[in-house]
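Just below is one structure, and these are the notes that go with it.
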Number of protein chains: 2
Amino acid sequence: MNVLEKIVNSVNSFSKSERKVADVILANPQTTIHSSIAALAKMADVSEPTVNRFCRRLDTKGFPDFKLHLAQSLANGTPYVNRHVEEDDGPEAYTAKIFESTMAALDAARQNVDINTINRAVDVLTQAKKISFFGLGASASVAHDAQNKFFRFNVPVVCFDDIVMQRMSAINSTEGDVVVCISHTGRTKNLCDIAAIARENDATVIGVTAYDSPLAKECTLVLSLDVPEDTDMYMPMASRVAQLVLIDILATGFTLRRGTKFRENLKKVKDSLRGSRFEKKDF
Amino acid sequence: MNVLEKIVNSVNSFSKSERKVADVILANPQTTIHSSIAALAKMADVSEPTVNRFCRRLDTKGFPDFKLHLAQSLANGTPYVNRHVEEDDGPEAYTAKIFESTMAALDAARQNVDINTINRAVDVLTQAKKISFFGLGASASVAHDAQNKFFRFNVPVVCFDDIVMQRMSAINSTEGDVVVCISHTGRTKNLCDIAAIARENDATVIGVTAYDSPLAKECTLVLSLDVPEDTDMYMPMASRVAQLVLIDILATGFTLRRGTKFRENLKKVKDSLRGSRFEKKDF
DNA sequence: GGATAAGTTGTAATTAAATTACAACTTACT
DNA sequence: AGTAAGTTGTAATTTAATTACAACTTATCC
């Protein structure tokens, strides 16, 4: 909750002096954020510690922290909140909500992601003899996308969304091969099996999945995203977007690791598409 | 102008140490507003006065004032700026940049998207006898994802990433069928043909593509996203994420339009997956 | 109605943070 | 190589915020 609202709501629990402080702040919030504690105390005609106590009562660390919160409240509230779509939302409402909750999810993922593991995953991928991407259901399209990205790198890449093909592919994997298993929940039995089989055959298994899930336990390396989304109830949306962004990050790490010369190769792939497209100037 | 943008814009006018400060702030803006000048100086490996000078250069009164502005930027409209990955970025840097530019792209898309067209697209989709999703290359995985979503709705859905299959499918389409063509650039010749063929056969063609592109011209309805990404040079990243979110929005609009009874059907699809998964409590 | 305990407020001391002044160093140009 | 402009860091200073504690207020119980 926004600090300003909080002040209004807890006006009753304030003491006399604290209330004076609240009044002054509510009357000139913009001035407050540019005042020192001394100035504010003077305006409210109370002592400095009173102002400090007031801030603490609002669950902030102290006066400077309180000002930060207040500044954010003034800049029209919280930006991306994970708001759920409701029955009677119109197109405007649900469009905004989906955009915002996706952004909130990405923001959460960004903060939770483990850079070290990403770095190790990039290491492993750059050294792979062959890379396989496996996913089922909604994660299958993420796997496809990954294939589309890594394929440009001139590395053998395969992608299967069929359990039988995945199984065969996993059985044939050998040391130096990298298998990437994608599953938001990490509880898809078939995929856990695939991971186990691949590992038994000495492949390195990277899991793009929930930390501590059954799938995670079968993996050499786990890239967990921790997007709070209940895919048991809702369609996978934000979780899958976060997975895609993770793939983007791995692909980017890959290109950077491979150096400049290698990037010319990317250009070649791009150029090869030219014939199949209308030129920009054409219209 | 927002301080974050200002930092990005004036990166060139910064000195070496100031740039270090800028990088640290851009990488962890949220941490910054809760740090002291000493902590930030240490993180950026510069002296405290350097941080102070950095703040002044950005037309703030000093460090505390700078934090206030930063807090407001974070709360405000566009916190995430589209920064490009550079040669010598480490894992931390490129991870942050990709997350941020994706979020910036979503934010841009959110502002540009036309709610009316979305509403009309939802209309058309809910009344479709059959829905087809077509995409090539990176957009193929978006098409797959769309299939995975709409398939749950108990409507005939097909998805092809093969030109020949797409062509045959388009030729066989009839009135009441909806064809969704996905292409970021809108300049993929084959897909333009598909759209034209489908239209000739009286299908409604929805284009998820750039406004004013050759593909757009062939469509009945154009959902344009206007994500500034040069896919001629770089791999499609943010653009494709935006497309996915758009698909999420259409799917959501679809369920909402179909009413409560229909949503029980979704639950059934979900329940059918149960057997293939480990239960949550299992581990 | 006074005694006491709980709660509130302010003063003064302490601690922490930010800023300034200045010196050392680096870079670019002559 | 020498010099001036610009950049950076150290140490001193100033300012701000917090803590500890004492004084006061209010409410409650005998």
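Bear in mind that the values here come from a model prediction, so they are computed numbers and not experimental data. Chain A is the first sequence line, chain B the second, and so forth, proteins listed ahead of strands; every chain is numbered from 1. Worth knowing before you read on, the calculation uses all heavy atoms, side chains too, and leaves out hydrogens, waters and symmetry mates.
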(message) What is the distance, to the nearest angstrom, from the CG atom on B:L40 to the P atom on C:dA17?
(response) 13 Å

(message) Measure CZ/B:R57 against P/D:dG6 and give the value in whole Å, please.
(response) 11 Å

(message) Of the options C:dT19, D:dG9, C:dG10, whose atoms approach the side-chain atoms of B:V46 most closely?
(response) D:dG9

(request) Report the distance from atom CZ of B:F54 to atom P of D:dT8, rounded to the nearest whole Å. (result) 12 Å

(request) Determine the minimum heavy-atom distance between B:K67 and B:T32, stating which atoms define it. (result) CD-O, 3.6 Å

(request) Please identify each residue that fulfils side chain to side chain contact (heavy atoms under 4.5 Å, CB included) with A:P156, with sequence neighbours left out. (result) A:K130

(request) Go through the structure and list residues passing salt bridge (charged side-chain N to carboxylate O under 4.0 Å, His left out) with A:D123, not counting sequence neighbours. (result) A:R257

(message) Taking the minimum atom-to-atom distance to the side chain of A:P64, which one of D:dT18, D:dA11, C:dA18 wins?
(response) D:dT18

(request) Please state how far atom CG in A:N52 lies from atom P in C:dT15, giving the value in whole angstrom units. (result) 16 Å

(message) Rounded to whole Å, how long is the line connecting atom CD of B:E48 with atom C1' of D:dA12?
(response) 13 Å

(request) Answer yes or no: does a side-chain N or O of A:T50 lie under 4.0 Å from OP1 or OP2 of C:dT8? (result) no

(request) Starting from C1' on D:dG9, measure out to CD1 on B:I37 and report it in whole angstrom. (result) 13 Å

(request) Kindly point out which of D:dT18, D:dT8, C:dA18 is positioned nearest to the side chain of B:R53? (result) D:dT8

(message) Nearest to the A:P49 side chain among C:dG10, D:dA17, D:dG9, which nucleotide is it?
(response) C:dG10

(request) Decide, yes or no, whether a salt bridge links A:D107 with A:R110 under the criterion of side-chain N to carboxylate O below 4.0 Å. (result) yes

(message) In this structure, how many angstroms lie between the C1' atom of D:dA17 and the CZ atom of B:F63, rounded?
(response) 15 Å

(request) Rounded to the nearest angstrom, tell me the gap between atom NZ in A:K67 and atom P in C:dA18. (result) 11 Å

(message) Going by side chain to side chain contact (heavy atoms under 4.5 Å, CB included), A:C219 matches just one of A:V180, A:V205, A:V179, A:I206. Which one?
(response) A:V205

(request) Look at the side chain of A:S36 and decide which nucleotide, out of C:dA17, D:dA17, D:dT10, has an atom nearest to it. (result) D:dA17

